[in-house]
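One structure is given below, encoded as structure tokens.
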Number of protein chains: 2
Amino acid sequence: MPAADLVKTWGARLQAEGYRLTAQRRAVLQVLVESAASLSPAEILQRARQHVPETGLVTVYRTLEVLTTCGAARKVHRPDGCHSYAPASEGHMHHIICERCRAVLEFEGCDLGTLFKTVQRRTGYKVQAHWLELFGLCPACRQKGMRDKQIHK
Amino acid sequence: MPAADLVKTWGARLQAEGYRLTAQRRAVLQVLVESAASLSPAEILQRARQHVPETGLVTVYRTLEVLTTCGAARKVHRPDGCHSYAPASEGHMHHIICERCRAVLEFEGCDLGTLFKTVQRRTGYKVQAHWLELFGLCPACRQKGMRDKQIHK
DNA sequence: GTACTTGCAAATAATTTGCAAATAT
DNA sequence: ATATTTGCAAATTATTTGCAAGTAC
């Protein structure tokens, strides 16, 4: 779905859930759906201000919480303990994040169920939730990496 | 290996790596190996002071970094973005954490390799690192949970 | 003795909260 | 009209850093 439509769709969803659709919220939403990468609240602020200059960082935080609640955004955990946010796609739960450009892609849970059962049997723990993130290089950065290597040689 | 021996073994390792073995470091190490749960720096401080009262929070942070570098401790990421630390066992990389009592167990990477290959094929990303944590109920808390349920009924 | 460590107080960084003014419905 | 939302400044929390005094080797 094109970004403009996503903004409308999610905007309608917010309203359906009883939230008001303000210019700032629309701006944050737009930044998010237009971005292929996961962004920190500060980065989102910077971009949102290009659409709605009188946006504050606090509002970004609050909006991201609303968007996460409604399912439009997903919180991504970074190794340093900070958080980034990525646009959500349907029903998928895990992320692979490019270590170079932070591009984020969601992928399906795959066969983690088998792993859970094994762990459950071996440890006695009842697995209730999980958290999986992959880090690597996106196709573009892989290419760039190779090109860089050639240049530097 | 019993906790006292682990303290000695890891202590020797620190020295072998050129670190000095101070009372505070010993205290932090002891707290860690004696604990089945993952602990926050603040919690570790509290317990370490029972052994060495003149321990400061900053030293705990610095010691945890040293211990993590040497492989004696592992950083565990909590959903809220804070960090906890758990004693490390050999060669294992993933954790299952009890949501009730924070008991932590490590388990082997299992067959994530297959998952990575699938993701790599489907997304074009080159998987370089990953991050997996499971959350659930440890055997003790499962029992307690059931008992509580009966009591409350 | 000397280089590594410590504790404190102060600095940073990320995030949250209180509140009066602004605004979507 | 009114309840929600906003921006600011201040508070909070987690973590880091500078530095003089203390200590393991």
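Numbers restart at 1 for each chain; the letters A, B, ... are given by sequence-line order, proteins then strands. Only heavy atoms go into these numbers, but all of them, side chains included; no hydrogens, no water, no symmetry mates.
The listed nucleotides are C/dT17, D/dC25, D/dT6; the one nearest the side chain of A/V58 is C/dT17. Among the nucleotides D/dC25, C/dT6, D/dT6, the one closest to any side-chain atom of B/T59 is C/dT6. For B/R20, the listed nucleotide lying nearest its side chain is C/dA3; candidates were C/dA3, D/dT15, D/dT5. Distances were taken from every side-chain heavy atom of A/C82 (C-beta onward) to each of C/dA14, D/dT5, C/dT6; the shortest belongs to C/dA14. Side-chain proximity of B/T22 to D/dT6, C/dA14, C/dT5: nearest is C/dT5.
Atom CD in B/E17 sits about 20 Å away from atom P in D/dA24, given to the nearest Å. Atom CZ of B/R26 is separated from atom P of C/dT5 by 13 Å (rounded to the nearest Å). Atom-to-atom, CG of B/L21 to P of C/dT6 comes out at 10 Å; the value is rounded to the nearest Å. Spacing between atom CD of B/E65 and atom C1' of C/dC4 amounts to 15 Å, rounded to whole angstrom units. Distance, A/Q24 CD to C/dT23 C1': 9 Å, rounded to whole Å. When rounded to the nearest whole Å, the span between CG of A/L45 and P of C/dT15 equals 13 Å. If you measure from atom CG of B/L57 to atom P of C/dT5, you get 18 Å, rounded to the nearest angstrom. Rounded to whole Å, the distance from CG on A/L14 to P on D/dT4 is 15 Å.
Side-chain N or O atoms of A/T63 include one that pairs as donor or acceptor with a backbone N or O of A/T59 at under 3.5 Å.
A/R25 has no side-chain polar atom (N or O) that falls below the 4.0 Å cut-off from OP1 or OP2 of C/dA24. Side-chain nitrogen and oxygen atoms of B/H83 include none within less than 4.0 Å of the OP1 or OP2 phosphate oxygen of D/dA14. Taking side-chain N and O atoms only, A/R62 has no distance below 4.0 Å to OP1 or OP2 of D/dT6. Note on A/Q15: a side-chain N or O is less than 4.0 Å away from OP1 or OP2 of C/dT25.
Contacts of B/T55 with the nucleic acid, taken as non-hydrogen atoms under 4.0 Å apart, involve only primed sugar atoms and P, OP1 or OP2.
Residues B/R47 and B/E34 are not paired through a salt bridge, judged by the lack of any N-O separation under 4.0 Å between the basic side chain and the carboxylate. With respect to the salt-bridge test (charged N to carboxylate O, under 4.0 angstrom), the residues B/R13 and B/E17 qualify.
Aromatic pair A/H130/A/H94: ring centres closer than 6.0 Å.
Along DNA chain C, the nucleotide nearest B/V60 and the nucleotide nearest A/P41 are compared for position; the residue whose nucleotide lies closer to the 5' end is B/V60.
Here the side chains of B/V76 and B/H83 are not in contact, with every heavy-atom distance at 4.5 Å or above.
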